Amino acid sequence: MSQKKDDMSTEAVGLGRRRFLNTAALTGLTLGVAACNDKPETAPAASGTSAAAPAAHASSATHLKPGELDTYYGIWSGGHTGDMRILGLPSGREIHRIPCFVPDALVGWGLTNESKAVMGTKPDGSLRYTVADTHHTHASYKDGNYDGRYAWINDKINSRIARVRLDYFVCDKITELPNVQGFHGIFPDKADPVDPAINYTTRVFCGAEFAIPLPNNGGDINNPEKYRSMFTCVDAESMEVRWQVLIDGNCDLTATSYDGKLAATNQYNIENGVHYEDMMSSERDACLFFNIARIEEAVKAGKFTTVGTSKVPVVDGTRDSNKDPKTALTAYVSVPKNPHGVNASPDAKYFICAGKLSPTATVIELSKVLDWFDGKMEDLDKAIVAEVEIGLGPLHTAFDGRGNAYTTLFLDSQVVKWNVDAAIKFHAGDKTAKYVVDRLDVHYQPGHINASQSETRAADGKYLAVGCKFSKDRFLPVGPLHPENEQIIDISGDKMVLLADHPVRGEPHDFIIFKRDLLKPKQVYDIDDFPLAIKDPKESGVTRNGKKVTVKITSQAPAFSLREFTVKKGDEVTLILTNLDKIEDLTHGFAIPKYNVNFIVNPLETKSVTFIADQPGVFWCYCTHFCHALHLEMRTRMIVEA
Ligand SMILES: [Cu+2]
């Protein structure tokens, strides 16, 4: 390769890529604002834009000394990997990955009988799904703050919602939503709409992005005007689907009010378009509000239908059926063209929709939406108290608890800090109100954003994390697939300060950040939580019932309770392993060569696997998780007689 060609590497290509992204993103968007973005890449930052280089004093915040702990937890979605990531902040160190929707080789998720029961299987016992696309993750609330019980995460591909227990950091339930596709936005409620004593999460709302024929069984394929999307409510405890709302348009992201009365989804396709161009034909789309108490009254009164084989009650939330505010279950507030992201401000007053194709943020006052439902305000769009220009490609918004919002600008590759009260004043006619407070370049094309405690009443305005969709030149090149770039920003002062870049495998999407003392994780299991637990090594052994064989083994460093065990070719073997070590951080693994088996057992945990002993011979089952100086000796011999 010539020297000249080599010079084309990192920098030159990086600049070209940035220019390409901006241009490509704007082509086809009938925005008419392309000129504003056509600035030279090498131009100095516009006045008021913070420096993009990490601040010298910043390293002490993000680079913890050995043994120092982070002050915040971050819960991140894993993206295509179908898992949940746990980070420590502000360091950005990844501490854990919790497998949910997709098999995981470390844990044996998707291989053990217990995890297969959570994931769901076909009649032949194989996994129903092995791919996923997680986007959004949110945690359960009490008194407007996280209570450390649960987190939920979505799988957009197969419309599944998974729950993670935040005591053990494991996925314990997965529910597939009926009659929807493209399940995207997810948000727990924060209180009951009727009973003030229930000041904690009991419902999780799920928005579906794609409209489909209902039921989707081969009919109405050629009648796109009959395609519909639905908004779904899942019970936070049982994880059963409580009800669905049939809507016009689609659901994108989801938000819930602090009083439990309202949930909302932004809609980018009120056109119900099935072709790309159709989805952008309307100048305004909507933020669709759901009156939770009325929906549940309607379900109780039997005013619902069902779809296909599903027994879930479906109420009618379409525009035509909800024109009378006094009986309406839904309210469609109009917002500019193809919005993205709807976020609840920590003062509990507003939902903010980011414009995406419009360079604006729309601030909707929740008390006014309730006024409309009560018949006290005739024009629903009067609930919009600000609609202000903030920059190009606004996507998601976070808050600092001091009245400021932070919105990602995908096309501008910036975060803009703006003051909500000033924006409301500006919108009301005070053109001297300066609502944009600061801008910071990020690298590059940011999507999701969140701040420490942002989506709680305890927003503390310390750290902001930004999920940048493109990293380009920020890391050593590793071939064609670039990592994404997650950036951490200090927002404690007037100016935002970029603290750190962290590469991450694609593509994580959304996350939440909260104080570490809100969680009380357990590090050793309760042996009684496992019905198959082998509590005494003396219970170990092989029992046979015809061709079905059960092998019971325990582990205690550095040995398994059985030195060997014998089965016969053709047996259906269920192997149960309890780790009797009760010491924190003493995990064992169990691998069987040629049988595609490997899983781990944490202290006092029990797991089982079932397989057909179809290959005769000797198979050294060994511990795969380093446990002791005699770890290599920790083995048992599986003998399969021909
Ligand atoms: Cu071991």
Side-chain angles (χ1 to χ4, degrees), residues 67 83 86 94-99 103-118 165 167-172 521-543 549-567 571 573-611 613 615 617-640:
D83 52 8
I86 307 296
E94 183 175 290
I95 307 165
H96 190 28
R97 277 185 176 253
I98 304 165
D104 179 88
L106 169 73
V107 173
W109 191 253
L111 185 111
T112 61
N113 295 324
E114 294 73 21
S115 61
K116 284 167 91 172
V118 173
R165 287 176 61 154
D167 51 357
Y168 291 114
F169 286 78
V170 291
C171 172
D172 75 334
K522 297 176 182 174
Q523 297 187 316
V524 175
Y525 278 101
D526 182 343
I527 199 166
D528 293 325
D529 285 348
F530 302 93
L532 299 180
I534 304 149
K535 295 184 181 175
D536 187 329
K538 288 187 205 124
E539 295 169 34
S540 304
V542 178
T543 52
V549 173
T550 303
V551 180
K552 293 184 178 179
I553 306 186
T554 61
S555 59
Q556 261 176 309
F560 292 114
S561 56
L562 297 179
R563 301 293 181 263
E564 62 183 48
F565 59 93
T566 303
V567 298
D571 284 344
V573 180
T574 296
L575 186 144
I576 305 166
L577 174 61
T578 297
N579 181 4
L580 289 177
D581 278 314
K582 341 175 154 51
I583 301 163
E584 189 182 315
D585 201 9
L586 218 176
T587 295
H588 296 286
F590 195 89
I592 313 178
K594 313 299 177 191
Y595 274 89
N596 199 37
V597 168
N598 184 25
F599 62 96
I600 57 169
V601 275
N602 292 308
L604 295 185
E605 187 177 29
T606 299
K607 283 184 185 163
S608 67
V609 288
T610 299
F611 57 92
Q615 306 166 71
V618 169
F619 303 90
W620 283 104
C621 309
Y622 69 99
C623 176
T624 46
H625 211 87
F626 205 101
C627 59
H628 191 277
L630 292 171
H631 169 68
L632 293 182
E633 288 81 352
M634 185 163 176
R635 301 190 228 161
T636 180
R637 216 160 32 119
M638 178 171 83
I639 297 160
V640 181

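Every value quoted in this text rests on a predicted model; they were computed, and no experiment measured them. Atoms within each ligand, like the ligands themselves, are counted from 1 in listed order.
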Student: Heavy atoms, side chains only, cut-off 4.5 Å: are Ile534 and Thr606 in contact?
Tutor: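 A side-chain contact is absent here, since even the closest heavy-atom pair is not under 4.5 Å.
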Student: Are Met634 and Phe560 packed together at the side-chain level, in the sense that at least one heavy-atom pair is separated by less than 4.5 angstrom?
Tutor: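 The answer is yes, as the side chains (C-beta and beyond) meet within the 4.5 Å cut-off.
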Student: Tell me which one of Val597, Val551, Ile592, Leu575 satisfies side-chain contact (heavy atoms from CB on, under 4.5 Å) with Cys621.
Tutor: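 Exactly one option meets the side-chain contact (heavy atoms from CB on, under 4.5 Å) with Cys621, and it is Ile592.
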Student: Parallel, tilted or perpendicular: which one describes the rings of Phe599 and Phe590, with boundaries at 30° and 60°?
Tutor: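 Tilted: the ring planes of Phe599 and Phe590 meet at 30° to 60°.
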Student: If you leave out waters, which protein N, O or S atoms are less than 2.8 Å from the Cu ion (ligand 1)?
Tutor: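 As for protein N, O or S atoms lying under 2.8 Å from the Cu ion (ligand 1), they are His588 ND1, Cys623 SG, Cys627 SG, Met634 SD.
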Student: Any Lys/Arg nitrogen of Asp528 or Lys535 sitting under 4.0 Å from an Asp/Glu carboxylate oxygen of the other?
Tutor: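 A salt bridge links Asp528 with Lys535.
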Student: Evaluate whether atom CG of Asn596 has more than 12 neighbouring non-hydrogen atoms of other residues, nucleotides or ligands under 6.0 angstrom away.
Tutor: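 No.
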